[in-house]
Amino acid sequence: MTATETLSDLQARRVALLAQGFGDRRPAKPGKAHLRRVFDRVGLIQIDSVNVLSRSHYLPPFARLGAYDHADMDALAWGKRKALFEYWGHEASLIPMAYQPLLRWRMARAEAGVGTYSGLARFGREKRTYIEQVLDEVRRRGPLSAGELEQAGKGAGGWWGWSDGKRAVEWLFWAGLVTTATRRGFERLYDLPERVLPQSVLDTPTPTVEDAQRGLIEIAARAMGVATETDLRDYFRTDPGETRARIAELTEEGVLVPVQVRGWGKAAWLYRDAPRPRKVEATALLSPFDNLIWRRERAERMFGFHYRIEIYVPAHKRVHGYYVLPFLQGERLTARCDLKADRQARVLRVQAVHREDHAQPLDIAPALAERLQDMAAWMDLGDIEVHGHGEAATALREAVS
């Protein structure tokens with residue numbers, strides 16, 4: 001496949017930012033309709049449980065919309081008239097309901113012991129009778145948590161200390177035989193799909209594996225604007241060989257357009273309806289799991305931004321901090337902030353701030369301070385405290401004071 005167009009690295013970066021919604025004007029009063037549009041644009045949002053600042057899935061909409069109501073997100077994800085469902089997309093994810101049929105092939109494979117964690121697949125083979133008993137209990141008593149199962153059992157180390165009951169419901173979740181009805185705090189409550197999903201989704205015919213995979217890769221291409229094969233594969237974690245085959249088919253159909261991006265050194269594809277490059281002037285604090293940067297190699301290729309999350313790194317070995325949010329300023333990532341919400345004191349703590357080599361502290365500080373003030377207000381935190389030393393921290397302290 002020969003590239004029909006050449007993009008500069010700046011043009012590719014602009015296409016990607018616009019595809020992710022960073023060229024849109026923030027609404028004055030973001031509501032559920034705006035949240036739906038974010039999901040329609042990005043395709044899915046990764047769920048993460050770390051709550052030192054905010055659970056990660058709340059942050060990508062905030063980065064694009066500003067201060068929306070958390071309750072609106074909860075209603076779309078876990079309310080009675082939900083518009084999202086949970087499943088394994090890009091890791092555990094919140095996904096628009098309309099995409100559920102596109103993932104049934106993955107559920108079928110998981111039920112057959114393919115494509116899931118090896119230990120969970122083995123559990124499915126060896127404990128099928130027990131799993132059927134758990135499914136029957138969910139059918140009789142659901143929605144319920146793993147801990148509420150009558151025969152939940154006790155955790156015995158390994159597998160994050162999961163009990164057999166937790167393993168059973170997680171196997172059933174992978175297989176699509178149960179789904180998330182809602183959450184209690186952050187605890188997942190499981191129920192049958194026919195009692196959770198809208199009838200319109202349940203009635204949608206199951207597409208062929210090939211059609212479903214083409215659908216997922218098209219969603220990924222639309223969300224990224226321009227992407228390499230590995231970028232497209234990573235978005236919904238599809239198999240390398242199957243991804244290559246689907247890319248070839250979508251290219252033949254004209255959905256994907258082969259392009260060359262200067263400096264990438266890899267074949268790339270432009271989504272046929274991708275936004276044309278124009279200047280982007282967004283500012284946003286990005287979750288470590290934001291769709292724009294969750295693939296670290298792509299973030300480095302596109303922004304020259306080397307990023308590794310350091311949650312699991314011993315404190316004395318951390319370079320930038322525990323929970324570090326990159327700062328998008330215009331068309332570059334200019335800084336990174338280690339943030340913590342001290343809810344008891346009602347303080348947003350900037351535990352460290354580091355500027356990128358290409359950026360100047362005085363150019364960063366006013367815009368970063370504005371976004372931090374927005375975040376503090378959104379999280380109902382009264383003050384911002386900036387810790388650390390150096391030009392970037394000093395400039396930011398002055399800007400937020």
Side-chain angles (χ1 to χ4, degrees), residues 43-49 77 82 84-139 142-146 149 152-153 158-160 162-181 183 187-197 201-202 204-217 219-220 232-243 245-246:
L44 76 169
I45 288 177
Q46 183 175 337
I47 299 170
D48 190 77
S49 62
K82 56 179 65 64
L84 309 170
F85 76 104
E86 291 187 33
Y87 192 61
W88 294 97
H90 182 95
E91 300 293 338
S93 303
L94 285 168
I95 309 170
M97 279 287 182
Y99 301 160
Q100 193 270 353
L102 300 180
L103 289 157
R104 290 176 188 166
W105 63 274
R106 179 168 288 170
M107 298 172 187
R109 288 185 181 179
E111 188 173 4
V114 178
T116 184
Y117 302 126
S118 59
L120 196 58
R122 183 173 62 253
F123 182 84
R125 291 191 302 270
E126 296 174 354
K127 300 283 189 176
R128 188 58 64 95
T129 299
Y130 175 73
I131 290 171
E132 290 292 338
Q133 292 170 347
V134 169
L135 178 58
D136 183 63
E137 186 174 348
V138 173
R139 186 178 293 115
L144 74 170
S145 69
L149 291 168
W159 276 38
W160 308 283
W162 281 6
S163 66
D164 278 358
K166 176 63 173 175
R167 294 173 187 175
V169 288
E170 284 299 312
W171 186 93
L172 290 164
F173 181 83
W174 263 103
L177 298 175
V178 301
T179 190
T180 305
R183 283 184 181 258
E187 184 180 35
R188 185 185 281 157
L189 301 186
Y190 302 87
D191 207 346
L192 303 180
E194 54 266 36
R195 296 202 291 242
V196 175
L197 305 180
V201 171
L202 296 170
T204 300
T206 299
T208 66
V209 173
E210 294 78 12
D211 284 346
Q213 291 174 347
R214 277 191 292 272
L216 293 175
I217 291 170
I219 292 165
L232 293 167
R233 186 174 80 211
D234 179 72
Y235 212 81
F236 280 95
R237 299 289 168 87
T238 46
D239 172 81
E242 290 176 317
T243 301
R246 303 295 89 80

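Numbering starts at 1 and runs along the sequence shown. Keep in mind that what you see is a predicted model, and the values were worked out from it rather than measured.
- Below 30°, between 30° and 60°, or above 60°: for Trp174 and Trp88 the angle between ring planes is below 30°, a parallel geometry.
- Once rounded to the nearest 0.5 Å, the distance linking CH2 of Trp105 with CE of Met107 reads 11.0 Å.
- Using a 4.5 Å heavy-atom cutoff, the side chains of Pro207 and Pro101 are in contact.
- Between Lys166 and Glu170 there is a salt bridge, since a side-chain N of the basic residue sits under 4.0 Å from a carboxylate O of the acidic one.
- In this structure, Ile219 and Leu102 have side chains that are in contact, with non-hydrogen atoms separated by less than 4.5 Å.
- Taking every heavy atom of both residues into account, Ile131 and Ala168 meet most closely at CG1-CB, 4.1 Å.
- Distance check, rounded to the nearest 0.5 Å: CZ of Arg109 to CG of Leu103 gives 11.5 Å.
- Proximity of a side-chain donor or acceptor of Arg246 to a complementary backbone N or O of Gly215 within less than 3.5 Å is not detected.
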Derivation of the salt bridge (Lys or Arg N to Asp or Glu O under 4.0 Å) call for Arg167 and Glu126: CA-CA 12 Å; Arg167 294 173 187 175; Glu126 296 174 354; over 6 Å; no

Test log, rule salt bridge (Lys or Arg N to Asp or Glu O under 4.0 Å), inputs Glu242 and Arg233: CA-CA 9 Å; Glu242 290 176 317; Arg233 186 174 80 211; over 6 Å; no

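- Partners of Arg104 according to the salt bridge (Lys or Arg N to Asp or Glu O under 4.0 Å) rule, which considers only residues two or more places apart in sequence or in another chain, do not exist here.
- Rounded to the nearest 0.5 Å, atoms CD1 (Ile47) and OG (Ser93) are 6.5 Å apart.
- For Lys82 (side chain) and Met97 (main-chain N/O), no donor-acceptor pair under 3.5 Å exists by modelled atom type.
- Minimum heavy-atom separation, Gly113 to Ala121: O-CB, 3.7 Å.
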Go through the steps for Thr180 and Phe173 under the test side chain to side chain contact (heavy atoms under 4.5 Å, CB included), then give the verdict. CA-CA 8 Å; Thr180 305; Phe173 181 83; 3.5 Å; yes

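- With Phe236 as the aromatic partner, Arg106 does not meet the cation-pi criteria of under 6.0 angstrom to the ring centre and within 45 degrees of the ring axis.
- Between the side chain of Tyr130 and the backbone N or O of Gly165, at least one donor-acceptor pair lies under 3.5 Å.
- Screening Leu94, Leu216, Ile95 against Leu44 for a side-chain contact (heavy atoms from CB on, under 4.5 Å) leaves a single residue, Ile95.
- Between Val138 and Arg195, the shortest heavy-atom distance links the atoms O-NH2, 2.9 Å.
- In this structure, CD in Glu132 is found 7.5 Å from CG in Leu172, a value given to the nearest 0.5 Å.
- Residues Asp136 and Arg139 have side chains in contact (heavy-atom distance under 4.5 Å, counting atoms from C-beta outward).
- Contact between Thr243 and Thr238 at its shortest, heavy atoms only, is OG1-OG1, 2.7 Å.
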